[in-house]
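Each remark here refers to the structure printed beneath this line.
Only a predicted model underlies this, so the values are computations on that prediction, with no experimental measurement involved.
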Amino acid sequence: MNLTEFRDSFSTDRIVQRILAIASVLVCVLIYGCAPYKSENITVTVTIEDNGVLYTGSSVQGIRCGRELRVANVYLQGATCDPHGEAVPIKLGDKGWVFMIFSGYQGSDPAALMQFKPEYYPYTIQANRLGDDSTQPWEVDLKRAPAFVRFTNLEDRKTAERVEANQFEKYFGRGVKLISIQCTPTKEWVTRGKVPKLLPWLDELGTLVIDDSVPEQPRSLISQISKSNFVWE
C-alpha cells in the first residue's frame with residue numbers, strides 16, 4: 001500500500017468512526033440517552049418536638065437518577081436526578097402545619113439560601129447516605145437539611161414563610177425544635193394527593209412561582225418557590 005492509498009484508507013476509517021459515533025448518539029436519544037435510570041422510593045419521616053411532645057410527618061418519595069452518558073469514550077452528560085411525589089407535611093398540634101419541601105441545602109451561606117430549585121433535592125436528601133447498600137436507612141444531617149416552609153394561612157399562598165431548620169422556636173414558640181429527618185428505602189407507592197388537599201391553590205398555580213408580582217423583592221421566598229417545590233410529577 002502506497003502513501004496515497006494509506007491516507008485514503010485512514011480518511012475512510014475516520015469517516016466511518018464519525019458515522020458510527022453519530023449513529024450511537026442517535027440511538028442513545030431514541031432509548032432515552034443510553035443512560036439507564038435507577039429508580040427507588042424512600043419513606044421520608046420528619047420528627048419535630050414541642051416541649052416533650054413529638055409530632056411526625058412522612059411521605060413516600062421517589063428518586064430517579066440517570067447514569068453518566070459516554071459514547072466512544074466521549075463524555076456527553078453527567079448523572080442527573082429528579083424527585084417524584086410530594087413534600088413532607090407535619091402538623092404541630094394547634095400551631096399549624098410546616099412543610100419540608102423539595103429544595104437544595106439551606107445553609108448559612110447566602111448563595112445557598114437561594115437554592116430552592118427542586119432539582120437539588122435528591123442530592124440534599126441523600127448527602128449523608130453511606131455505603132453501596134441501597135436497602136439501608138439513613139438520617140439527614142440537620143445542618144444540611146432541605147428547606148422548611150409554613151403558611152400562616154393555608155388558603156393564602158402569599159403568607160409563606162421560610163422556617164430555618166435550627167429556628168423552629170422563632171415561628172412556633174419556645175420549646176419547638178426539629179429532631180430528625182429519617183429516610184428508609186421502601187417498595188410502597190409514592191405519596192400522592194396529601195399536599196394538594198392542604199394547599200388547594202397549588203393546582204391553580206401551575207408551574208409559576210408562588211408570586212411573581214413583587215419585582216422590588218426579586219429574591220424573596222414567595223418569588224422563588226413554586227408548585228414543583230411541593231408536588232413534583
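The ring of Y171 has its center no closer than 6.0 angstrom to the ring center of F148.
Note on ring orientation: taking the six-membered ring where Trp is involved, the planes of F230 and F151 are tilted (angle from 30° to 60°).
When side chains are defined from C-beta on, P196 counts as touching V231, because their heavy atoms get closer than 4.5 Å. Contact annotation: the side chain of K227 approaches that of D203 to within less than 4.5 Å [non-hydrogen atoms, C-beta and beyond]. When side chains are defined from C-beta on, F172 counts as touching V98, because their heavy atoms get closer than 4.5 Å. Side-chain contact between Y121 and P146 is present, with at least one heavy-atom pair separated by less than 4.5 Å. Contact annotation: the side chain of N41 never approaches that of E188 to less than 4.5 Å [non-hydrogen atoms, C-beta and beyond]. Residues F99 and L199 form a side-chain contact, since some pair of their non-hydrogen atoms from C-beta on lies under 4.5 Å apart. Counting heavy atoms from C-beta outward, I48 and I179 have side chains that stay 4.5 Å or more apart. Looking only at side-chain heavy atoms (C-beta outward), L142 and I181 come within less than 4.5 Å of each other.
How far CZ of F116 is from CZ of R162: 5.5 Å, rounded to the nearest 0.5 Å. Here the OG1-CD distance, from T135 to E40, works out to 10.0 Å after rounding to the nearest 0.5 Å. Rounding to the nearest 0.5 Å places CG of N128 at 9.0 Å from CZ of R144. Taking CG of L202 as the start and CD of E86 as the end, the distance is 9.0 Å to the nearest 0.5 Å. In this structure, SG on C183 lies 8.0 Å from CD on Q126, to the nearest 0.5 angstrom. Interatomic distance, E139 CD to R129 CZ, rounded to the nearest 0.5 Å: 14.5 Å.
Of all non-hydrogen atoms in G62 and V190, the two that sit nearest each other are N-CG2, 3.8 Å. Scanning both residues, A165 and A145, for their nearest heavy atoms gives CB-CB, 4.3 Å. Taking all atoms of both residues into account, the shortest heavy-atom contact from V88 to Q61 is CG2-NE2, 3.6 Å. Between K158 and I222, the shortest heavy-atom distance links the atoms O-CG2, 4.2 Å. Nearest heavy atom pair, residue K38 against residue S134, reads NZ-CB, 4.2 Å. In terms of heavy-atom proximity, I63 sits nearest to P122 at CG2-CB, 4.1 Å.
For R157 (side chain) and I210 (main-chain N/O), a donor-acceptor pair under 3.5 Å exists by modelled atom type. Side-chain atoms of S103 come within 3.5 Å of backbone atoms of A147 as a donor-acceptor pair (strictly under, hydrogens ignored). At distances below 3.5 Å, not a single donor-acceptor pair connects side-chain atoms of W97 with backbone N or O atoms of K91. A donor-acceptor pair is defined here as one N or O able to donate and one able to accept, closer than 3.5 Å; no such pair exists between the side chain of D156 and the backbone of N153. Looking at K194, its side chain does come within 3.5 Å of a backbone N or O of S58 through a donor-acceptor pair. Side-chain N or O atoms of E49 include one that pairs as donor or acceptor with a backbone N or O of G52 at under 3.5 Å. Not one N or O on the side chain of D211 forms a donor-acceptor pair closer than 3.5 Å with the backbone of S223.
Hydrophobic clustering (side-chain heavy atoms under 4.5 Å, transitive across Ile, Leu, Val, Met, Phe, Trp, Tyr) keeps V209 apart from F102. Taking hydrophobic clusters as Ile, Leu, Val, Met, Phe, Trp and Tyr residues chained together by side-chain heavy-atom distances below 4.5 Å, W201 shares a cluster with V195. In the hydrophobic clustering of this structure, V60 does not group with I42; members are Ile, Leu, Val, Met, Phe, Trp, Tyr whose side-chain heavy atoms approach within less than 4.5 Å, directly or through other members. Both L154 and L205 are members of a single hydrophobic cluster when ILVMFWY side chains are connected at heavy-atom separations under 4.5 Å. With hydrophobic clusters built from ILVMFWY side chains whose heavy atoms lie under 4.5 angstrom apart, V44 shares a cluster with Y55.
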Quiz item: Taking it one step at a time, do I125 and V140 satisfy side chain to side chain contact (heavy atoms under 4.5 Å, CB included)?
Solution: CA-CA 6 Å; I125 200 70; V140 176; 3.7 Å; yes
Quiz prompt | Working for side chain to side chain contact (heavy atoms under 4.5 Å, CB included), residues T43 and T191 | solution = CA-CA 9 Å; T43 300; T191 300; over 6 Å; no
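A salt bridge links D50 with K95; the closest basic N to acidic carboxylate O contact falls under 4.0 Å. For the pair R174 and E169, the salt-bridge criterion is not met [side-chain N within less than 4.0 Å of a carboxylate O]. Checked for salt-bridge contact, E119 and R64 miss the test: no charged N lies under 4.0 Å from a carboxylate O.
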